[in-house]
Amino acid sequence: MLAGKKILVTGATGTIARPVAEHLVHDNEVWCAGRFTDPAARQQLEVQGIKTCSWDMGTGDFSAVPNDFTHVLHSALQIGPSLEEHDRAITFNAEGAALLMQHCRRAEAFVHVSTFCVYKTHSDHPGHLYSETAA
């Protein structure tokens, strides 16, 4: 188990990375980077001793994000509901991950968590099969 490390977690307001950040903060210095559009979500992390910094992976601006992490768990993603936003989200997700890797290039480990949830849901057709061109 990791102990005494400086760990960056992205996507920590979501269901995957948040429990990981909450677990790791007991033995490590944990930072969470994100847009934090919900101030309450940010405060819930900070009250547990997790440090937060503002970061929008689509901008390439890392001015508020330290670069001396030993480990990175990148779980943030952008989802676009329309086809135009979907294409933009793919660009943000691919370029955002690459830019984060570059920014944190001194880290001992970088874990990128990907997801299938970028597909638009079809609540009226739960068994819907997606094509490669589906939004």
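Position 1 is the first residue of the sequence, and the numbers go up from there. Please read all numbers here as calculations on a predicted model, not as lab measurements.
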Cluster link [X] to [Y], ILVMFWY, side chain under 4.5 Å:
| X | Y | result |
| --- | --- | --- |
| Phe36 | Val25 | yes |
| Val113 | Leu8 | no |
| Ile7 | Trp31 | no |
| Ile50 | Ile16 | yes |
| Met101 | Phe92 | no |

Item to check | Evaluation steps, side-chain contact (heavy atoms from CB on, under 4.5 Å), between Leu100 and Val72 | outcome: CA-CA 9 Å; Leu100 182 61; Val72 179; 4.1 Å; yes
Item to check | Neighbour count above 12 (heavy atom, 6.0 Å) for Glu46 CD | outcome: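 Yes.
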How many angstroms lie between atom [atom1] of [X] and atom [atom2] of [Y], to the nearest 0.5 angstrom?
| X | Y | atom1 | atom2 | answer |
| --- | --- | --- | --- | --- |
| His74 | Phe110 | NE2 | CZ | 5.5 Å |
| Leu45 | Arg18 | CG | CZ | 5.0 Å |
| Arg42 | Thr37 | CZ | OG1 | 11.0 Å |
| Leu73 | Thr10 | CG | OG1 | 6.5 Å |
| Arg105 | Phe69 | CZ | CZ | 14.0 Å |
| Ser63 | Trp55 | OG | CH2 | 12.5 Å |

Item to check | Test log, rule side-chain contact (heavy atoms from CB on, under 4.5 Å), inputs Asp38 and Thr13 | outcome: CA-CA 9 Å; Asp38 179 2; Thr13 57; over 6 Å; no
Checklist entry - Within a strict 4.5 Å, meaning less than it, do heavy atoms of the Asp56 and Asp61 side chains meet? => result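 With C-beta onward as the side chain, the pair stays apart.
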Checklist entry - Mind checking whether Lys5 and Glu29 have side chains closer than 4.5 Å, heavy atoms only? => result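 Result no, sub-4.5 Å side-chain heavy-atom pair not found.
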Hey, does the side chain of [X] reach the backbone of [Y] with a donor-acceptor pair shorter than 3.5 angstrom?
| X | Y | value |
| --- | --- | --- |
| His103 | Val65 | yes |
| Gln102 | Ala98 | no |
| Asn28 | Leu2 | yes |
| Thr70 | Ala107 | no |

Next on the checklist: Please determine whether a side-chain nitrogen of the Lys or Arg among Asp68 and Lys6 lies less than 4.0 Å from a carboxylate oxygen of the Asp or Glu.
Outcome noted: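 Yes.
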Please report the shortest heavy-atom distance between [X] and [Y], naming the atom on each side.
| X | Y | value |
| --- | --- | --- |
| Pro66 | Cys53 | CD-SG, 4.4 Å |
| Ala12 | Cys32 | CB-SG, 3.3 Å |
| Ala17 | Ser75 | CB-CB, 3.7 Å |

